[in-house]
Amino acid sequence: MANLESIRHSASHVLAQAVLRIYPNAKLGIGPAIENGFYYDFELPVSLIPEDLIKIESEMKSIIKENLPIVKETLSKQDAMKRLQASGQTFKQELLSELPDTEDITFFSQGDFSDLCKGPHVAHTRDIKAFKLQKISGAYWRGKETNPMLQRIYGIAFETKEALTAYLTLLEEAEKRDHRKLGKELDLFSLQDKAGAGLVYWHPKGARIRHIIETFWKEEHFKRDYELLNTPHIGQSWLWETSGHLGFYNENMFAPMKIDEQDYYAKPMNCPFHILIYNSSLRSYRDLPLRWAELGTVYRYERSGVLHGLMRVRGFTQDDSHIICTPDQVETEIFEVIKFAKYILQTMGFNDMKYYLSTRPKGAVGDISRWEQAEKALRNALAMENIHDFEVDEGGGAFYGPKIDIKIKDAIGREWQLSTIQFDFNLPDRFDMTYIGQDGQKHRTIMIHRALFGSLERFFGILIEHYAGKFPFWLSPEQFRILTINDSDATTAHAKSTLDHLKRSGFRGTLDDRNEKLGLKIREAQVQHIPFALVIGDKEAQANQIALRKRGEQTTQLLDLNEVTQLFQGLQTQKVN
RNA sequence: GCCGAUGUAGCUCAGAUGGUAGAGCAAACGAUUCGUAAUCGUUAGGUCGGCGGUUCGAUUCCGCCCAUCGGCUCCA
């Protein structure tokens, strides 16, 4: 049985073969199997347009139909080079020249096509049963901006037609939940293209959800002995020189503004400000740990081409926190943060989490023993929370310290990184953060950066897509809508008193008493994904009841106001739907 | 930033080989008083992303810019 990676890899070869048949002068870049499919990079005399994909795809289909055997050849490096020179494949020559001289060089061929490749591949082209070309894009040769840009063709490939269809359905589903689309439809947020790219405007409904999230976040922090900070949005250049950001983070910072002859920078991070508060008085070991959190809005310059809805923006609010502690407090602090993150994420509706430990990279600051201790603390904290299946990214840590990242899976199985817990061996040194220990001496403080959501904007985007706009009751900006059937005095009075009562009980809702048909009102409530429609007409008014229709359901339930209030109360406090 | 595509009414979109544009929904007004996903009619609404050029005339052709989309790259 051909494995999926071979299928995808072979599909990329078939793609290259098809392109060469159509454009014999094409130069090949690389063509690997990737998640869900494959791509191949080409240098072509013309710019491909989407319609070209159809042509290339049908050429691929005929290659598959020809059922060419895919054969492996082993050549010496010298012979391989000769072959690549003969075919004029300069990019391949470059790849080959970097392979060790001793190695046997393998080529894979099918029919008139032959490619430098280490394999593996399927045996015959007909083993590629289900594929589809997806899109064209530019891609730098070997990912380097100074290199020429090649044209990349992406495709997807699966073992069976069914699997391919299933994947396409998933893509459709993802498109339906796209937060940019839902953000508009549900009037949650906007990006104002004339007022600046990558800057988010939260509309009333989005801002309401954000308020609920923030309130919850703050309350949970207070429960865990955090204190909140508020710090400025701009700071003088010496701060960023001291922190080092002007050196190593400069390209992500907005240009400075001059105020009274001084350069001020919009903050790309909150840490230096928190450190200033820490350093504003002498700290004793008795004061530690300090857990300081801030919903801090930062500004980072992102290149225009990478901006993406709420997921990648230029101004965003981090749910930032710095834990400042002594070395022997580290382990429990991290353990507590992991528990905290887990609780918060689960409450927001994410139950599938994965943990990643990133260790010391090359060129890291701080001595190795500190790193080792820190990594041990991270491992121990994970173990304390009974997390043993975490992945280790060796050398994947930031240069200033190791970290734990938490990724969640959303409702359609996509992974997103949210929480991060990072040691910082850099800033405490640079800002000379100390505390007075039991011995009366100054000691270097430990600083841990930590975010649970990462950025509120991005988290909101993920949340919208996770719920496809159908937010659970406690998060819904409009939890109920009262729909009147007619405008009789009895109906109106009952509707108004119901609204009044529910609002005074702490629920969010509106009254739709427009002169419209019930069908329309129901439809609009459904389209807006309002959790409950409360229908009131003369019958209900007379019986002092409410016909309650739950989002997504076609049936109604007759309840009295008390029962509705209780139902809402339960959903609200349990934070489930 | 780079490659490619796109930008027309609040939204979704149509349209003219250069003679200043249309639909549906939404809106306003009027009629309808209605029982669980769209009642009917009327009206209004646009410097056709921005700036410049060619032209008698540009939303249409050309250039530059801005933004969006798909990638590349980046995420110390």
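Worth knowing before you read on, the calculation uses all heavy atoms, side chains too, and leaves out hydrogens, waters and symmetry mates. Chain identifiers are assigned alphabetically (A, B, ...) following the order of the sequence lines, protein sequences preceding nucleic acid strands; residue numbering begins at 1 within each chain.
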### Query
Considering only heavy atoms from C-beta outward, does the side chain of A:Ser304 approach that of A:Arg314 to under 4.5 Å?
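They are in contact (side-chain heavy atoms under 4.5 Å apart), so the answer is yes.
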### Heavy-atom check, side chain of A:Phe189 versus side chain of A:Ile464, under 4.5 Å
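In short, these two side chains touch, coming nearer than 4.5 Å.
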Determine: side-chain N/O of [X] to OP1/OP2 of [N], distance under 4.0 Å, yes or no.
X: A:Arg303; N: B:rU73; value: no
X: A:Tyr154; N: B:rC72; value: yes
X: A:His308; N: B:rG70; value: yes
X: A:Lys194; N: B:rA67; value: no
X: A:Arg142; N: B:rC72; value: no
X: A:Lys184; N: B:rU12; value: yes
X: A:Arg312; N: B:rU73; value: no

### Query
How would you label the contact of A:Lys517 with the nucleic acid (heavy atoms, under 4.0 Å): base, sugar-phosphate, or nothing?
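Base, at least one base heavy atom under 4.0 Å.
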### Message
Students often get this wrong, so: under 4.0 angstrom with heavy atoms, is A:His245 touching a base, only sugar-phosphate, or nothing?
### Response
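Answer is nothing: A:His245 stays at 4.0 Å or more from every strand.
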### Task
Could you check how far CD of A:Glu516 sits from C1' of B:rA38, rounded to whole Å?
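Going from CD in A:Glu516 over to C1' in B:rA38 covers 10 Å.
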### Query
Do A:Glu251 side-chain and B:rG1 base share a donor-acceptor contact under 3.5 Å?
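By the distance-only test, no, there is no pair.
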### Task
Determine the stems involving RNA chain B; a stem requires 3 or more consecutive pairs of the Watson-Crick or G-U wobble kind, each with both distances below 3.5 Å, and the answer is none if no such run exists.
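If one scans RNA chain B for consecutive Watson-Crick or G-U pairs, the stems found are B:1-7 with B:66-72, B:10-13 with B:22-25, B:27-31 with B:39-43, B:49-53 with B:61-65.
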Integer angstrom distance from the [atom1] of [N] to that of [M]:
N: B:rG22; M: B:rU36; atom1: C1'; answer: 36 Å
N: B:rC62; M: B:rC75; atom1: P; answer: 38 Å
N: B:rU47; M: B:rC11; atom1: P; answer: 12 Å

Protein-nucleotides 2-4 of chain B N/O pairs under 3.5 Å:
from  : atom 1 : to       : atom 2 : distance (Å)
B:rC2 : O4'    : A:Tyr140 : OH     : 3.2
B:rC3 : O2     : A:Gly138 : N      : 3.2

### Task
Could you walk me through whether A:Tyr299 and A:Leu199 pass the side chain to side chain contact (heavy atoms under 4.5 Å, CB included) test, one step at a time?
CA-CA 9 Å; A:Tyr299 291 89; A:Leu199 302 169; 4.3 Å; yes
